[in-house]
Amino acid sequence: MSLLEVQELSAGYGSLPVLQGLSFKIEEGETAVLLGLNGAGKTTTVLCLAGLIKPWGGKITFDGKNVTGWDPRKLVAEGIVLVPEGRHVFPELTIAQNLRIGAWPYRRDRKHTRAIVEQAVEYFPRLQERWTQLAGTLSGGEQQMLAIARGLMARPKILLIDESSLGLSPKLTKTVFEVVQKINSDGTTVLMVEQNAGVLKIADRAFVMEKGTLVYEGQGGEILDHAEIREAYLGAPA
Amino acid sequence: MSTQTDETQTISPVASEPSRFRPSTRGWAIRLVVIALLAVVTVWRVATVQPLWADHISLAAIFAIIGLSLNIVLGYTGQVSLGHHAFVGLGAFIAAHHITERAGCAPEEGCIESSLGTFSVAILLAILSGVISAGLLGMVALRIKGLYLALITLTYGFVAVNSIFEISSLTRGGAGMPAPRPATFFSDHKYMVLCLGLLGVCMFIDWRFLRSKMGRAVLAVKSSEAVAASYAVNVTAYKLMAFMLSGAFAGLAGALFAFRRQIVVAPDFSFSTALLWVLMVVVGGLGSRLGVVIGSMFFALFPFLIQLVGFLNDFLANTLQRDPEELTLVIGPFLALLTMIQFPGGIAEQISPITRWLGGDRFTMHPEGKHHKPSLLQRRRAKKQGLEVHDDAELVATKSEDLLRDAAGEPDAASTQTMAAVDSSEEVKS
Amino acid sequence: MRTTIVSAVLVVLLGLGLLVGAGVENGPNPFITLGVMNGAVFGLVALGLVLVYKGTRVFNFAQGEFGTIAAYLLFLSINRGWPYWVGILVALAGTVLIGLVLERGVIRPLINAPRINVLVATIAAALFMIGMEILIARIEPRSLSPIIAAVDSSGNPNGVTVFNLPIEPQRLIALGVLLSLGGVLAWFFSKTDLGLAVLATSQDAFATRVMGIGIERMSRFIWVSAALLGAIAGILYVPLTGALTPAVMTSNILIPAFTGAVIGGMTSLPGAFVGGIVIGVVQSVGLWAGGHFTIGEKALQEVIPGVEQVTILLVLLAVLLSRPQGLLGKEA
Amino acid sequence: MLMVAAACGQKPGVVDSTAVTTASGEEGVIDSSGNLIDPETGEVLATAEELASGSETTGGGGTTTTTTGGGSSTDDGGSDTAAGPSGGEEPAPSGGDSTGVEGDTIKIGIHAPITGAAPVPSQSFDKGKDLYWEYLRNSNQSINGRNVEVVFRNDNYNPSQAVAACREMVEDEKVFLLVGIAGTDQIQACARYAASVGVPYVSAGVTEIGLTTLRNYFAIWMTYPQQGPLLADLLVTKLGAKNEKNGMVRFNTPTFTDGHDAWVSAMEEAGASVDYDRAVSKTAGTSEAQTIATELRTQGIENVHVLVSPTFFIQLAQTAANQQYKPQYVGYGLTKGLDTVANVACKNSQSIQNARFLSPFPAFFDSNRFDPDFRKAGGTDDIMFGLWGSSKVIATMLKNAGKDLTREGFIYANERASTIKTGVFPDVKFSSSDHLGGSAMHLLRADCPNNRFVTEQAFVSDF
């Protein structure tokens, strides 16, 4: 059984449909990546999965449970955690406090929280150095790291990462991808929304979206070899 | 607002310009007849009104000017002034002071009527006082970000009440400063005509202002300061201009206020009055000239209208033993809350099908292209359908860009690009 | 930086004290003390303002009326012959209920609206409450008794005298409550998860939802706490004013409290306290000086009426222009 | 005017009418535009209109005063032309304006604050305004065959609203005359309006500034400047003010200056010092009250004359009592001497125990001693008692004007009528040169244990 199964998902804003019957599956332990042009519905998909947008129709099954239309509060507790596009760190809280907010579902369990913090900091040693610095004063890359670390604090079974490389230098992007790979290898399933082709190197599976539906599904490496798709959806050669 | 996504950027209805509806000749004729009828009935009613009601209507016109003044700050620049009683009051005292103390027309010296010349000068001085005080305050307040203008105007209002209005050579303390009218406008009818006329002038100026480059820029600033800045619009200067225009209207309203009762006292301009004025603008419909005028007039006339409803007045006076004015303090805020929560467009929104029809559009309850916020009901309905209702941030931003492009004279900026630029600039900043 | 500012403020106050202290015949000048005492009350209301501002980034103009309504509820309860402590409970409970209704009926529907709309909504709510007070309780002044009378049954004063100013027990209670509530709030915002979540909500509501935190719950929590703080301020303060009238807290306390909070830095709890005291002292000394000093033949207050209010505006402008984040606000 | 001066001693800013006399057309003092000019200062003392209306004008302003007692009249508005209306004998008017008199009813209009800083409980007001007239009707009495109908408007303790209220009553309700019973600034503003439209105005005794020249204006009890010497007399004779520190707190409004000046000069003349003299804004709140209470206490003021709104008085007294400071409060008539004030200010700290206020009517507590009909007719508090008393005065004044009631006839007849005796209000007597009819007051004392005022002395004109 797949960890996450999306069937015929449709959603939109106001009366404007964005997702029109999207279906895919993600297996436990893999790193999946969602590709597509602007407006294809990638972000809408992850927002739906995280419960921030209520789907119009379709079904989302997670870990054997039907979680369609659940509130984000329940979904986070269930293990679906989103690292939103644009980082959305809390600018006037320190790094430590940002992480603490991330551990909201475990707020009554101090010992547990401390353990996760230590783990998160292992991935991003730079955060440790700036422990009491306000998040708003961090660089873009550091904020992205903080956002991912904060996502990890809720002990996700699946981590949804939206556009983590946006606005980062190639070097930083590489670092972020490497950490994501490490997180994945430590047992967390990952779904990334990306426009950067570099992500395919760490992806086990890739989905390509267009106009709210899936147009291609395959393994990460496959797409790298698939010049047509690469040019159409990733813009840049790998 | 924060749930903005890449998808939403593409749904901005830039391309979906609806084909402009043109009524037929018969359609125009019907509209003209209706407008003419409305005008005739209004003029006839107003012209034949009793002196007491003429006085009430003068007050309504003055409130409407105050409403327009506040609307510039609140509706156009998106700031809030809680010290408008200070601007209006200062105008009133300056005008009365000029007539009584400087032009020497004091009632205790037997002067019942001022001359038209001194009267005009008094009004001009009042306007000037509004412009100067608003300008000075604005220069300081607009340098500070956020809603602090509200607090500065608020404190200024308290300075006015506790300090300026206590200068007895300006106000004659609690006894009040007399402000005799000139013979030309001595009767209540004539004075009402003057007030209504000046209201018309204010509406015209307001209309021209909004159509000007400056006005469009100010609107754009309200929608998004970042967008405006990206078009090199001098945000602060334009805001200051708007603020000074607001001060001019307030000063004028103050002068008219003084001559209405021909005596000015400080308690007429209290903090709670200023707050009620803010609410009447909200009820009228922020940013809508006609709505604000109607809303303000409604607030001014409400206590008198209640007295017209016999049973309601009896109930208030005899059963509850309450003054109708006391009820205004309950009804006014209640209407304002209802407006904000349920009908964010205010009165303007409610009457918009009619006004748009009169202006040569189709009669429809749901204007196309004109974006308005979903009401609570709509939100609820949407929620039932499992929708998340979004704010209109993107749409407004797009609109503001259109305005700005006009203002900055930059024809070809692709809106999506600017949006993206703004987005990323905000992110980089944070 | 912070310590510099605090010590600068203290030095200014001390200098002011020495300057005006000379002018009083019978012992030390009590007006500084009076100002500090009043300032403490402003601080108590300012705490509620800061709480709401920290949580929602909104200036809450209804904060004062929470207090007036609580005072009226207390008055009604005592008038019915209920014990004082029952009256306090009724007042607190009633005000919290009003806070809940306000949050659910007004604030929640505006959760996505621009902040200015919420600000105007709190103004409307405050005026509505004032209107209801006038309509129900009428405008005549009433007398609300303090928790502990200033003078005991045999005529001896209950309070203490500091620098030639007798301080009634109610004031001491108010001061104690202020300090402890300030401490509790400071601890709450810096040390508890809930406090952090409240701060997080105000900084980025979307991200807070992403973290699985219900922002509706945060909003409810903030407004209920604000109502509670307002009610406490009203119960403690109104007996000191001598007369309970509609809008008493808004017209006498809210504005100085606001100014104090802004001067202190709107987001800073110690700032609210320091700002409140600055305003209290300026007001008290200004009022006294207005009648005490003369310029030529005339009293200062005749030359510059409302000299205290003018000073407050100048202080506010000076602080906002030189340190827009307020004396103790964070730089960010 | 002479009579007034005799009744109350000297007042600053107001000279005896003989000091600067003018007959119409006197050389040298009437300027080209017909205004009466002070030969020394060139100040306009009276305008052509006033002269033409036949008023006998006396010098005003601080400059021409011939006052005794230091003569330091501070912040004089400079415009208090005080004079008795109407000089020479004129024939009784025939015909005239009888608006408000229809069939068997006479409509009169009252304005008072039931909101604002000096609120009068509206229920008692509502009942009290009709109480006496209903009593008349029920006991088959009438005003020359007519009954009186009372219209009421709230003036919100605000002069401009008072003018609006009076206008409404005159233009809309068509009342015969107007009555103002509380609030100096409101009365002054409304009386001036009434004068401009020729409506008689029956007034409480308040300021004299700008009122004494109005022919339509009738004060039915002693004005503030008249009460000033009386209050000084009370302080010196009964309360030992000569050896104590005395102070005054008043609202900063020009209409209180004559009441203030009269008291201050009377105090000085009587050999008592005024050690504290403070004007506060009409918008003053608790902070001002606290500051002033602290000032009074630290300066050791033992007797405090308050000329402020009842609400501010309560705040002042309560905050003073919180500092364990309870001076002897005294003051002029009416609003602060009401039981509603005692009810609030006595609570908790008995802050105004033994406060003494002059009043045109006795305390409600003693009302049976003065007029047993009042309680029989259903009177239940002092506001009703005051309205009852003033209604009695107005009834007599209306009777004086005879069957053919006109506004002109009303004024003419009451200038010549005999003393009005009601048993509630002290005697009222007008003349053609003096429309300030009061001659005595009652003295009320706060009886805090019982939350009320009691009548300490009735019908006093000196102590």
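Naming convention: chains lettered A, B, ... in sequence-line order (proteins, then strands); numbering from 1 in each chain. Heavy-atom basis, side chains included; hydrogens, waters and symmetry copies ignored.
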Please round to the nearest 0.5 Å and tell me the distance separating atom [atom1] of [X] and atom [atom2] of [Y].
| X | Y | atom1 | atom2 | value |
| --- | --- | --- | --- | --- |
| A:I101 | C:I213 | CD1 | CD1 | 5.0 Å |
| A:R100 | C:L196 | CZ | CG | 5.0 Å |
| C:F189 | A:L93 | CZ | CG | 11.0 Å |
| C:T192 | A:R107 | OG1 | CZ | 11.0 Å |

Quick one: which of C:R217, C:M211, C:R209 gives a side chain to side chain contact (heavy atoms under 4.5 Å, CB included) with A:R73? C:R217
Do you know which two heavy atoms are closest between [X] and [Y], and how far apart they sit?
| X | Y | value |
| --- | --- | --- |
| A:W104 | C:D193 | CZ3-O, 3.5 Å |
| C:D204 | A:V89 | OD2-O, 4.3 Å |
| C:Q203 | A:P91 | OE1-N, 3.4 Å |
| A:P84 | C:V210 | CD-CG1, 4.1 Å |

Determine whether A:L52 and C:F206 make a side-chain contact, defined as any pair of heavy atoms from C-beta on separated by less than 4.5 Å. yes
Greater than 12 external heavy atoms within 6.0 Å of A:K157's NZ: yes
Tell me whether the count of non-hydrogen atoms from other residues, nucleotides or ligands lying under 6.0 Å of CD in A:E28 goes above 12. no
Segment of C:T208 engaging chain A (4.5 angstrom heavy-atom cut-off): both
